[in-house]
Amino acid sequence: MVILYYIELENVEFGYEKNKDIIKNTSLQMFQQDFTAIIGPNGGGKTTIGKLMAGILKPSKGRVMIDGVDSRDMKLGGIGQKIGYLFQNPERQIFAPTVEEDLTFPLGLKGIDKQKAEKKAEEMMETFHLSHLRGAFPFTLSQGEKQRLALAGVFMNDPSFVILDEPTTGLDPERRKILSNILEELHKKSIGITIISHDEDFIHQHATRIIEIVGGKVLADTRKKARS
Ligand SMILES: Nc1ncnc2c1ncn2[C@@H]1O[C@H](COP(=O)(O)OP(=O)(O)OP(=O)(O)O)[C@@H](O)[C@H]1O
């Protein structure tokens, strides 16, 4: 079987509470070649769709296929090796007592060699301007530093597809530019990128496809012919 898309939502429905669907009969195919922006009003279901795509939430009806496997049959650890997910609140992904350990610790859990994990952490700390904070307690970082740490964590795993919920929040222009460059590099390498964002400039600058979610449904799914 040839898999053309990396993530597929097939007639997906989802509600946090019984009989209250937040996502309504939604089908979408997500390609690694796309730089997708998911847009729409507050409460429309963007984050929920992102979490369904990342296998963090499982649909109540329909199915989500990730790299050809039903997300219900995958463990979070297995999904994490394929998909990098940035939570809207970066504190959701901070676990360890220091910045450096926060980056190396998840790789250790996966059985990755300590030296290799440290080398990668070094690279990521440099990229995201965190080297001077390596020994800092993550919860004392500023909002923008926490966001950079969470982003660095997403890229530690060399994911095949990243889903980033409001990735530019808290970033100053210089760090925002760094994120832009990283995402463009990944896009060139056909690492799938999906951002959930209200940041119109960032979307305009990067997105090749825009999916608008309103009231738990896909209102529009448009592709830019030429990328700026
Ligand atoms: N854990 C939860 N339990 C119950 N309801 C939830 C939960 N998370 C989200 N919701 C509800 O689901 C709906 C969709 O929320 P979601 O966060 O997916 O929207 P969004 O489009 O990402 O919004 P925003 O732009 O404000 O981030 C909202 O009505 C929200 O209140």
Side-chain angles (χ1 to χ4, degrees), residues 6 32-33 35 50-51 53-56 66-67 74-197 199 202 205-206:
Y6 201 75
Q32 282 178 298
Q33 288 73 17
F35 193 130
K51 287 183 179 170
M53 285 175 181
I56 296 166
I66 297 173
D67 199 14
M74 298 172 85
K75 293 203 174 108
L76 273 185
I79 296 174
Q81 290 181 7
K82 294 172 181 285
I83 296 182
Y85 186 86
L86 177 80
F87 285 88
Q88 201 167 11
N89 174 2
E91 291 194 2
R92 285 284 307 270
Q93 43 211 108
I94 293 175
F95 304 100
T98 69
V99 164
E100 186 172 13
E101 284 171 83
D102 199 73
L103 296 174
T104 54
F105 154 81
L107 269 65
L109 287 184
K110 279 192 226 153
I112 291 171
D113 176 69
K114 192 163 177 262
Q115 267 187 334
K116 205 173 160 194
E118 283 172 359
K119 190 164 174 274
K120 185 75 184 173
E122 210 56 57
E123 202 184 294
M124 286 297 112
M125 285 191 289
E126 203 167 306
T127 303
F128 286 96
H129 296 183
L130 292 164
S131 304
H132 62 296
L133 295 166
R134 67 176 65 239
F137 181 50
F139 283 98
T140 62
L141 301 180
S142 76
Q143 198 57 30
E145 288 164 351
K146 280 181 192 158
Q147 183 76 344
R148 275 147 50 206
L149 176 58
L151 281 163
V154 168
F155 297 113
M156 280 292 288
N157 290 312
D158 291 324
S160 309
F161 200 106
V162 293
I163 299 169
L164 310 174
D165 201 346
E166 299 288 357
T168 58
T169 303
L171 298 187
D172 59 34
E174 187 193 344
R175 274 60 181 244
R176 189 187 155 94
K177 182 88 185 73
I178 290 168
L179 180 65
S180 281
N181 293 342
I182 291 171
L183 295 183
E184 280 302 326
E185 278 303 308
L186 295 178
H187 180 50
K188 274 189 215 143
K189 289 190 219 160
S190 285
I191 307 287
I193 299 170
T194 294
I195 59 167
I196 295 163
S197 184
D199 185 335
F202 200 77
Q205 195 183 347
H206 298 292

Notebook entry, point to check: Could Glu185 and Lys188 be called an ion pair, given the rule that one side-chain N must be under 4.0 Å from one carboxylate O?
Noted result: yes

Margin query: Does Lys119 form a salt bridge (Lys or Arg N to Asp or Glu O under 4.0 Å) with Glu122? I'd like the steps, not just the answer.
Written below: CA-CA 5 Å; Lys119 190 164 174 274; Glu122 210 56 57; over 6 Å; no

For residues [X] and [Y], determine if any side-chain heavy atom of one lies less than 4.5 Å from a side-chain heavy atom of the other.
X      : Y      : answer
Asp199 : Arg176 : yes
Gln88  : Thr169 : no
Leu149 : Leu133 : no
Phe161 : Asp67  : no
Ser180 : Gln205 : yes
Leu183 : Phe202 : yes

What pair of heavy atoms forms the shortest contact from [X] to [Y], and how long is it?
X      : Y      : value
Gly153 : Leu103 : N-CD2, 3.5 Å
Ala152 : Leu130 : CB-CD1, 4.1 Å
Asp102 : Pro106 : O-CD, 3.3 Å
Pro90  : Ala150 : CB-CB, 3.8 Å
Gly84  : Pro159 : N-CB, 3.5 Å
Val154 : Val162 : CG1-CG1, 3.9 Å

Nearest 0.5 Å, please: how far is [atom2] in [Y] from [atom1] in [X]?
X      : Y      : atom1 : atom2 : answer
Met125 : Thr104 : CE    : OG1   : 8.0 Å
Lys189 : Glu184 : NZ    : CD    : 12.5 Å
Phe87  : Ile94  : CZ    : CD1   : 12.0 Å
Leu186 : Asn181 : CG    : CG    : 11.0 Å
Tyr6   : Thr194 : OH    : OG1   : 12.0 Å
Lys51  : Tyr85  : NZ    : OH    : 5.0 Å

Next item on the list: Describe, in one word, how the ring planes of Phe137 and Phe139 are oriented to each other, choosing from parallel (under 30°), tilted (30 to 60°) and perpendicular (over 60°).
Entry: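 Rings of Phe137 and Phe139: tilted, as their planes differ by 30° to 60°.
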
Next item on the list: Would you please classify the geometry between the His187 ring and the Phe35 ring as parallel, tilted or perpendicular, with 30° and 60° separating the classes?
Entry: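 The rings of Phe35 and His187 stand perpendicular, inter-plane angle above 60°.
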
Check: Would Ile182 and Leu151 satisfy side-chain contact (heavy atoms from CB on, under 4.5 Å), going step by step from the backbone distance to the final call?
Finding: CA-CA 11 Å; Ile182 291 171; Leu151 281 163; over 6 Å; no

Next item on the list: Could I get the full list of side chain to side chain donor-acceptor pair (under 3.5 Å) partners for Lys146, not counting sequence neighbours?
Entry: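 Checked Lys146 against side chain to side chain donor-acceptor pair (under 3.5 Å); matches are Glu91.
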
Note to self: Under the rule for side chain to side chain donor-acceptor pair (under 3.5 Å), what residues qualify as partners of Lys116, not counting sequence neighbours?
What the structure shows: none

If we ignore hydrogens and angles and just use 3.5 Å, is the side chain of [X] paired with the main-chain N or O of [Y] as donor and acceptor?
X      : Y      : answer
Gln32  : Ser160 : yes
Arg148 : Phe128 : yes
Asp165 : Leu86  : no
Glu100 : Gly135 : no

Margin query: Can a side-chain donor-acceptor contact be found between Arg175 and His129 if the only test is distance below 3.5 angstrom?
Written below: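 Yes, because at least one side-chain N or O of His129 sits under 3.5 Å from a partner of the opposite role on Arg175.
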
Next item on the list: For a side-chain contact (heavy atoms from CB on, under 4.5 Å) with Ile195, tell me which candidate from Leu164, Leu179, Ile163 qualifies.
Entry: Leu164

